[in-house]
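Below, all heavy atoms of this structure are taken into account, side chains as well, without hydrogens, waters or symmetry copies.
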Amino acid sequence: MSDTNTLKKSAVVAAAGLVVAGAMLAGCGEPKATPMNDEYSGNSGETEQSQEQQSNSGDGSSSSGSSSSTGAGSRDTGTKSDKKDTGNYADGTYSVNGQYGPIGEDTIDVHVTVKDQNVEKVEIVGHPFTSISKKHQTDFAEAINGVVDGKPLKDLKVDTVAGASWTTDAFNAALEVARQEASIQ
């Protein structure tokens, strides 16, 4: 009888531990995206917070245009543009930085070329934090054009590409910002 009670207690403690761990990790890995519309665009591997601090320090390297960012602990969708998605898009190439990972350590630069309301091509430049991230970003970059080229930009969202779920999430967030930036107001 004592072994049964011990087993039940162990199961309850294990279940409680899983619930607590799940709650702590609930906000991890949420993708963020911001337009890359100035000469300082890209990511040299530093965190978004350090980039924001540098741009706010008044050292002459602040960005212009509609680019904005949120802190790593933020719970919003991470998609930032001061424009509204109208569903009518201008031709051109739109560059957006997508950030993801448990602490936002991985980023991809997404360059979307739009022609006649459709995605003409996509270029992905990865900024991985680990070798695992590098593999996922490389696989994603090699596969994405086969998935999105020729498709209408309006409402485009892709499922996991090349097994890279977090990279795909960041890409979808970047597409949302690209639609906002490409929208004819």
Between the main-chain N or O of [Y] and the side-chain N or O of [X], is there a donor-acceptor pair closer than 3.5 Å?
X	Y	result
Ser183	Thr86	yes
Thr168	Val161	yes
Asn145	Val122	yes
Asn172	Val158	yes
Gln99	Asp106	no
Asp85	Gly87	yes
Arg179	Leu153	yes
Asp169	Tyr100	no
Lys135	Ser131	no
Gln137	Thr107	yes

Residues, nucleotides or ligands: over 12 heavy atoms within 6.0 Å of Ile184 CD1 = yes
Would you check, one step at a time, whether the test side-chain contact (heavy atoms from CB on, under 4.5 Å) holds for Leu175 with Val112?
-> CA-CA 8 Å; Leu175 275 181; Val112 181; 4.2 Å; yes
Are side-chain N/O atoms of Gln117 and Asp91 paired as donor and acceptor at under 3.5 Å?
-> no
Return yes if a side-chain donor-acceptor contact under 3.5 Å exists between Ser95 and His111, otherwise no.
-> yes
Please test Thr113 against Lys115 for side-chain contact (heavy atoms from CB on, under 4.5 Å), starting from the C-alpha separation and ending with a verdict.
-> CA-CA 7 Å; Thr113 301; Lys115 183 168 170 114; 5.6 Å; no
Worked verdict on Glu181 versus Lys83 for side-chain contact (heavy atoms from CB on, under 4.5 Å) | CA-CA 6 Å; Glu181 289 294 305; Lys83 299 178 182 177; 3.9 Å; yes
After noting the C-alpha distance and the side-chain angles of Lys154 and Tyr89, does the key distance pass the side-chain contact (heavy atoms from CB on, under 4.5 Å) rule?
-> CA-CA 8 Å; Lys154 183 174 176 62; Tyr89 309 110; 3.9 Å; yes
Minimum side-chain heavy-atom gap Asn97-Ile108 below 4.5 Å | no
Give a yes or no on whether Leu156 and Phe171 share a hydrophobic cluster (residues Ile, Leu, Val, Met, Phe, Trp, Tyr; joining criterion: side-chain heavy atoms under 4.5 Å apart).
-> yes
